[in-house]
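The block underneath contains the structure these notes are about, expressed in C-alpha cells.
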Amino acid sequence: MISDSVPLVGTVVMNLSFSSLASDSYSNPTTTTTSLPCPQPQLPIIGHMHLLGPTIHQSLHRLSLRYGPFFSLRFGSVPCVVASTPHFAKQLLQTNELSFISRIQSAAIKRLTYDSSLAFAPYGPYWKFIKKLCMNDLLGARTVNNFRHVRAQEYIRLLRLLAHKSEVGEAVNLTEELLKLTNNVISRMMLGQAEEARDVVREVTKIFGEYNVSDFIWVFKKFDLQGLGKRIESIFERFDTLVERIMNEREQVRKIRKNKENGELGENGKIDDEIKDFLDVLLDYTEDESLEIKITRTHIKALIMDFFTAGTDTTAIATEWALVELINRPNVLEKARHEIDKIVGMSRLVEESDVPSLPYIQAIVKETLRLHPPVPLVTRRCVEQCKIENYVIPANTLLLVNVWAIGRDPNNWESPMDFRPERFLNSNEGGGPLDVRGQHFQLLPFGSGRRICPGITLAMLQVPALLAAIIQCFDFQVVGPKGEKLSPGDTVPMEERPGLTAPRAKDLVCFPVTRYSPPQTMGQSKAHSAI
Ligand code: HEM
C-alpha cells in the first residue's frame with residue numbers, strides 16, 4: 001500500500017493548497033511562500049485523476065503547457081508535484097536531493113519486492129550498503145566487463161535466429177526476442193542460468209504498471225476492487241518458489257565446492273579463479289559476519305527481483321525504439337552502417353569493445369533515450385517538508401520529474417521532434433558534450449543523484465553493441481498493423497503503450513533480410529563457471 005509511505009491524507013486535507021499546508025509549520029518565518037499552480041477542477045475523492053489519460057507522462061506534459069513547469073496535483077488522496085524543466089529537475093534532484101531521496105511504493109511493489117528492494121528502500125543504511133554493492137561490485141565496469149562473453153553469446157543467439165528467419169522467409173516478433181535477450185542476459189549474470197524466470201518477471205513488470213485504485217484512493221484501501229491483490233499473491237508465490245529452488249540448488253553446489261576446496265587445497269585454498277555470478281557474490285555476503293548490514297536470503301530475493309524488473313524491460317525498450325527510428329530513417333541508418341563498415345569492417349561482427357570507437361552509434365542511442373526514455377517519469381517521495389524557490393512542498397508529496405517532456409521541449413532542444421543524432425556530436429547544442437549520467441538536466445533517461453540508475457554502464461554498452469550488430473547483419477521489412485508488409489517509405493508506427501515504462505504500443509514484427517551472415521562465435525574467449 002502507498003499508505004506506508006504516504007499517509008492517506010483524505011478529503012479533509014484534499015482541498016488545502018500546498019502553501020497553506022506548509023505555512024502552519026514551515027520554520028522560516030522571514031520568507032514568503034506562493035501557491036503552486038494547480039489545475040481545476042479538483043474533484044472529491046479522485047482529485048485530478050479525471051485529467052489523466054492512459055499515458056500519464058503525456059497527460060502531465062499537456063498540463064504543464066497550461067500550468068507551467070512546476071505544478072501540483074492530487075492522485076486521489078496522494079499529493080503530487082510535477083516538474084517539467086531542467087531548471088526544476090536540478091532543483092529537486094540535485095540542490096534539494098536529500099528532501100526527495102525516497103520513493104513511493106504501491107501494494108504490488110511492496111509485496112513483490114519483499115519490502116526490501118534497492119529501488120524502493122527508504123534512504124538509510126540498508127539502501128546505502130546495497131547501492132554501493134551494486135555500483136562497485138555487481139554493476140561496476142569490471143563486473144560488467146567480466147560478463148561480456150555472456151552477452152556476446154546472447155547477441156549471437158538472436159542474430160542466428162534472425163538469419164534463420166531470413167533464410168526461410170518467416171517473420172519474427174523482435175519485441176519479444178529483445179525482451180528474451182535482455183532477460184537471459186540479466187538472468188545469466190545473476191543466477192548463471194537463463195529462461196526460467198522470464199514468464200513470471202513479465203507478469204511482475206505488467207502488474208507494477210497497472211493502476212490500483214486502492215493505492216491512491218483512501219476510501220478503497222481495504223478493498224481489492226480489481227482483484228489485483230489475488231494476482232499479486234499468485235505471482236509472488238511463483239517467483240518465490242522459483243528463486244528459493246535456485247538458491248537451494250546453489251547452496252548445495254557451494255557446499256560440494258567448499259568440501260572439494262578444503263580437501264584439495266586446504267582451508268583457504270581456491271579451486272580456480274572462475275567468475276562468480278551475482279548469486280554467488282550475494283551468498284558470500286550472507287556468510288560474512290563482519291558486514292555492517294546483515295544480508296539475508298530475503299534481501300537477495302529482493303535484489304534479484306529489482307534487477308529483473310529494472311534491467312530487462314528498460315534495455316529492450318530502448319533497443320527497439322532505436323531500431324525503429326533507424327528503420328524509419330534510411331539516411332541515419334546509412335550513416336550508422338558507414339561508421340560500422342569503417343571501424344569494424346565486414347569481416348567480423350561488431351562487439352561491445354567496439355562501442356567506444358563508434359561515436360555515431362552512441363549518439364543514436366542518446367538521441368533515442370532523449371525522445372523515448374524507457375522510464376518517462378522519475379518518481380520520488382518528499383521525505384521532509386522543504387522549500388523549492390517560493391513553493392513549500394509538504395513531506396510525503398509524490399514528485400514526478402517528466403523526463404519525457406524535458407527531452408521534447410523546444411526550450412532545451414533545437415527542432416526537438418527531429419531524430420538527429422548529430423546533435424550529440426556537435427558540442428554547441430546543450431552547451432557542451434552531453435552525457436546521460438545525470439549531470440545534464442535536459443537529458444535524464446537514467447535519473448540523477450544518489451538514486452541514479454546503477455545499470456547505466458551495462459545499458460550503455462549493451463544497447464549500442466546490440467543495435468550495431470543487428471543493423472550490421474540485417475535489413476528489415478516491417479509487418480504493418482493488418483499483417484501486411486510495409487513498403488519502403490512507409491513509417492513504422494511510434495505510439496506508446498501506457499504503463500510505468502514507455503514501450504512502443506504494438507510489437508515490432510518484421511521479416512529480416514540478411515546483409516551479413518553472423519559468424520558462429522563472438523567474444524567467447526572466457527569460460528564462465530556458471531553457464
Ligand atoms: C536503458 C536502460 C535503463 C534505463 C533507461 C533505466 C532508467 C532508470 C531510471 C530513470 C531510474 C530512476 C533513477 C532516479 O530516481 O534518479 C532507474 C533506477 C534503477 N535502475 Fe535503471 N534503467 C535502465 C537499465 C537498468 C539496468 C540494466 C539495471 C540493472 C541490471 C537497472 C537497475 C536499476 C535499479 C536497481 C534502480 C533503482 C536505484 C535506486 O533506487 O537507488 N536499470 N533506472
Side-chain angles (χ1 to χ4, degrees), residues 57 83 89-90 92-94 97 100-105 109 113 116-124 126-135 137-140 143-144 147 151 178-179 181-183 185-191 201 205 208 277-278 302-322 365-366 368-381 398-404 406-407 436-439 441 443-467 500-503:
H57 54 281
K90 188 172 180 184
L92 295 152
L93 299 178
Q94 189 181 69
E97 174 177 22
F100 295 92
I101 197 72
S102 285
R103 296 192 208 277
I104 270 174
Q105 299 188 44
I109 288 171
T113 61
S116 297
S117 142
L118 161 66
F120 294 94
Y123 182 68
Y126 171 70
W127 176 85
K128 283 186 195 163
F129 180 83
I130 296 286
K131 184 78 180 229
K132 199 162 132 204
L133 173 80
C134 285
M135 299 299 265
D137 288 1
L138 302 182
L139 295 168
T143 314
V144 166
F147 286 95
R151 295 188 295 278
L178 288 172
L179 196 57
L181 181 148
T182 53
N183 232 296
V185 164
I186 294 286
S187 189
R188 288 178 62 184
M189 287 175 69
M190 280 194 309
L191 308 173
V201 168
T205 43
F208 279 3
D277 60 20
F278 296 3
L303 202 59
I304 291 172
M305 180 62 97
D306 265 338
F307 281 13
F308 268 131
T309 48
T312 55
D313 237 15
T314 44
T315 314
I317 290 170
T319 314
E320 180 177 333
W321 278 118
V365 173
K366 287 181 189 170
T368 303
L369 292 171
R370 175 182 73 81
L371 276 171
H372 311 288
V375 182
L377 296 167
V378 167
T379 308
R380 303 280 184 83
R381 178 172 68 89
L398 167 64
L399 164 68
L400 300 173
V401 177
N402 198 339
V403 171
W404 183 90
I406 292 173
V436 288
R437 294 187 170 264
Q439 290 307 308
F441 289 83
L443 187 68
L444 294 173
F446 296 97
S448 181
R450 282 169 239 214
R451 285 219 90 127
I452 197 168
C453 173
I456 304 183
T457 304
L458 175 59
M460 289 308 282
L461 255 189
Q462 192 174 328
V463 177
L466 179 57
L467 179 71
L500 274 188
T501 50

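Count residues from 1 along the sequence. Numbering of ligands and ligand atoms starts at 1, following listing order.
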Donor-acceptor contact below 3.5 Å, side chain [X] vs main chain [Y]:
X    : Y    : answer
Q94  : S448 : no
W127 : S102 : no
R450 : I101 : no

Taking the side chain as C-beta and beyond, is there a heavy-atom pair between [X] and [Y] under 4.5 Å?
X    : Y    : value
V375 : H57  : no
M189 : R151 : yes
L191 : F308 : yes
V144 : M460 : no
L139 : F278 : yes
L93  : R380 : yes
L118 : L303 : yes

Q) Do ligand 1 and T379 have nitrogen or oxygen atoms that lie under 3.5 Å from each other? A) no
Under a 4.0 angstrom heavy-atom cut-off, which atoms of ligand 1 come close to [X]?
X    : result
I186 : 30 (C)
P374 : 5 (C)
S448 : 16 (O)
P445 : 5 (C), 7 (C), 10 (C)
A119 : 37 (C), 40 (O)
G447 : 10 (C), 13 (C), 14 (C), 16 (O)
A459 : 1 (C), 2 (C)
W127 : 39 (C), 40 (O), 41 (O)

Could you identify the single nearest non-hydrogen protein atom to [atom] and state the distance to 0.1 Å?
atom                    : value
atom 29 (C) of ligand 1 : L139 CD1, 3.7 Å
atom 22 (N) of ligand 1 : C453 SG, 3.1 Å
atom 32 (C) of ligand 1 : A310 CB, 3.4 Å
atom 23 (C) of ligand 1 : T314 OG1, 3.5 Å
atom 35 (C) of ligand 1 : L118 CD2, 3.5 Å
atom 4 (C) of ligand 1  : F446 CE2, 3.4 Å

Residue selection (non-hydrogen contact nearest [atom]) among [options]:
atom                    : options                : result
atom 14 (C) of ligand 1 : K131, M460, R451, K128 : R451
atom 28 (C) of ligand 1 : G311, P454, A121       : G311
atom 12 (C) of ligand 1 : M305, R103, R380       : R103

Q. Side chain, backbone, both or neither: which part of P373 has a heavy atom under 4.0 Å from ligand 1?
A.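 Answer for P373: neither.
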Q: Just let me know how Q462 lines up against ligand 1, side chain, backbone, both or neither, with a heavy-atom cut-off below 4.0 Å.
A: neither
Q.
For the NZ atom on K90, are there more than 12 heavy atoms of other groups (residues, nucleotides or ligands in this structure) within a distance under 6.0 Å?
A.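 Result for NZ/K90: open.
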**Q.** Worked check of side-chain contact (heavy atoms from CB on, under 4.5 Å) between L458 and T315
**A.** CA-CA 9 Å; L458 175 59; T315 314; over 6 Å; no
